[in-house]
Amino acid sequence: MATNMRHLSGQQPKTAILMLNMGGPQHTDQVHDYLLRIMTDRDMIQLPVQRRLGPWIAKRRTPEVQKKYKEIGGGSPILKWTELQGQLMCEQLDKISPETAPHKHYVGFRYVNPLTENTLAQIESDKPERLVLFSQYPQYSCATSGSSFNSIFTHYKTNNTPSNIKWSIIDRWGTHPLLVKTFAQRIRDELAKFVETKRNDVVILFTAHSLPLKAVSRGDAYPSEIGASVHMVMKELGQKNPYSLAWQSKVGPLPWLAPATDDAIKGYVKQGRKNFILVPIAFVNEHIETLHELDIEYCDELAKEVGVEEIRRAAAPNDHPLFIDALSTIVADHLKSEQSVNPKFLMRCPMCTNPKCRDSKRWYQQLCSH
């Protein structure tokens, strides 16, 4: 909505902010193409004979995934939330950073419309002076953030890179104080709903999307960055509750980070701990992994099955005022900074063998030095 209003007003943005995320199908008829793009993206997942196996898995999984989207209202709300977050962020940026105004947000999804490559064409036509590539994954992983950045590199291998735009990158921000405060407040909101006699015994179970151990062994920074976010949130909360970290949404037979979130719940119940708050620490807005996997499969079905007393789920940051402050502060500080790209972003994993990553990092180093 904000993008359209700014566009209709004829106001040319001085600063464009491209919000990168994987996206989610808004309607069930988009599910197959969404899964197909995921299953054929070798940055996200590596399969044997991927060109044949990827499409087969996508086709086979489509009905099951469509059913899940129907159960959460017919589609993913990621686009709705990202548009709202971008609108509110730019309204604040226009006030706190007038020297880089007007600001305009754009959404670039990896696997569903608005696809990043299409959004880049729109940005080029708007001719901003600056373009900030802002990853909406607070913690960096080659499979998520890396895939989005690589897709931009791939796009410009066959398209001319605009030379009159100054490019810069915000690649990770999982320990930013205002993001930490947002998660802490979401947890406090749920803790307050437990009776006082139980409150200090509630297990705060942080949950993040899992990752294949193959990627972890290669040196992917994601597990350590998730751990850093958890540590900072618990510090903000004063370490008043027992807490743990588990991993959700594993796909396929290969070993992934463990314990799985559902196994962690079962394990703690066996140990006599029966009150929980689930905290999606790697997601900045609601989508199928929060609304279906956490809310329906774990907080409802699994909780009844294993005898949980009370289980709640902390809301994702969404449009919480602290989170909008986080987004706008991160961008404003970045725009004031002399640093167009974090040196960590330009590093590859120590055991990386992907030539695309090598070429992509070199391209970004050159792009952001202009």
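Quick note: numbers below take in every heavy atom, side chains included, and nothing from hydrogens, waters or symmetry partners. The first residue of the sequence shown is numbered 1, and numbering continues consecutively from there.
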Side chain to side chain contact (heavy atoms under 4.5 Å, CB included) assessment of Trp81 paired with His287:
CA-CA 10 Å; Trp81 283 119; His287 62 305; over 6 Å; no

Just do the side chain to side chain contact (heavy atoms under 4.5 Å, CB included) check on Leu302 and Lys266 with the steps written out, would you?
CA-CA 8 Å; Leu302 180 67; Lys266 292 173 191 172; 3.6 Å; yes

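Judged by distance alone, the side chain of Gln139 and the main-chain N or O of Ser229 form no donor-acceptor pair under 3.5 Å. Under a 3.5 Å cut-off, the side chain of Arg110 and the backbone N or O of Ser147 do form a donor-acceptor pair. In this structure, the side chain of Asp126 does not engage the main chain of Pro128 through any donor-acceptor pair within 3.5 Å. Checking side-chain atoms of Tyr222 against main-chain N and O of His209 turns up a donor-acceptor pair under 3.5 Å. A donor-acceptor pair under 3.5 Å is formed between the side chain of Ser210 and the backbone N or O of Leu257. The backbone N or O of Phe149 sits less than 3.5 Å from a side-chain atom of Tyr364, completing a donor-acceptor pair. A distance-only check finds no donor-acceptor pair linking the side chain of Gln136 to the backbone of Val284 [under 3.5 Å]. With hydrogens and angles ignored, the 3.5 Å screen pairs no side-chain donor or acceptor of Tyr298 with any backbone N or O of Ile311. Between the side chain of His176 and the backbone N or O of Leu178 there is at least one donor-acceptor pair closer than 3.5 Å. Using modelled atom types, no side-chain atom of Thr15 and backbone atom of His103 make a donor-acceptor pair closer than 3.5 Å.
Side-chain contact of Glu83 with His105: a donor-acceptor pair under 3.5 Å is present, judged by distance alone. Looking only at atom types and distance, the side chain of Ser244 has a donor-acceptor partner in the side chain of Tyr268 under 3.5 Å away. Using a 3.5 Å distance cut-off with no hydrogens or angles, the side chains of Gln122 and Asn118 do not pair a donor with an acceptor. A donor atom on one side chain and an acceptor atom on the other are not found under 3.5 Å apart for His155 and Thr116. Using modelled atom types and a 3.5 Å distance limit, the side chains of Gln185 and Arg188 yield a donor-acceptor pair. Using a 3.5 Å distance cut-off with no hydrogens or angles, the side chains of Asp171 and Ser135 do not pair a donor with an acceptor.
Counting only heavy atoms from C-beta outward, the side chains of Phe109 and Ile78 approach each other to under 4.5 Å. Between Tyr69 and His27 the shortest side-chain heavy-atom distance does not fall below 4.5 Å.
Separation of atoms OG (Ser76) and CD (Glu289) is listed at 9.0 Å; rounding is to 0.5 Å.
Atom NZ of Lys336 sits in a crowded spot, with more than 12 heavy atoms from other residues, nucleotides or ligands closer than 6.0 Å. Enclosure of atom CG in Asp29 by more than 12 non-hydrogen atoms of other residues, nucleotides or ligands within 6.0 angstrom is indicated. When the shell of 6.0 Å around CD of Gln239 is examined, it contains more than 12 heavy atoms from other residues, nucleotides or ligands. By the 6.0 Å contact criterion, NZ on Lys214 is open, its count of non-hydrogen atoms from other residues, nucleotides or ligands being 12 or less.
For the side-chain hydrogen bond (donor to acceptor under 3.5 Å, both in side chains) criterion with Gln248, the lone passing option out of Thr290, Thr261, Thr207 is Thr207. When each of Met232, Arg186, His320, Glu236 is checked for a side chain to side chain contact (heavy atoms under 4.5 Å, CB included) with Lys181, only Glu236 meets the rule.
Using a cutoff of 4.0 Å between basic side-chain nitrogens and carboxylate oxygens, Arg37 and Asp33 are not scored as salt-bridged. Ion pairing of Lys68 with Glu297 is present here, as a side-chain N (NZ or NE/NH1/NH2) and a carboxylate O approach within less than 4.0 Å. Checked for salt-bridge contact, Glu64 and Lys67 miss the test: no charged N lies under 4.0 Å from a carboxylate O. A salt bridge links Arg313 to Glu286: at least one charged side-chain nitrogen sits closer than 4.0 Å to a carboxylate oxygen.
Under the 30°/60° scheme for interplanar angles, the aromatic rings of Phe134 and Trp173 are found to be tilted.
A cation-pi arrangement is found for Arg172 relative to Tyr140, the charged atom lying closer than 6.0 Å to the ring centre and inside a 45° cone about the ring normal.
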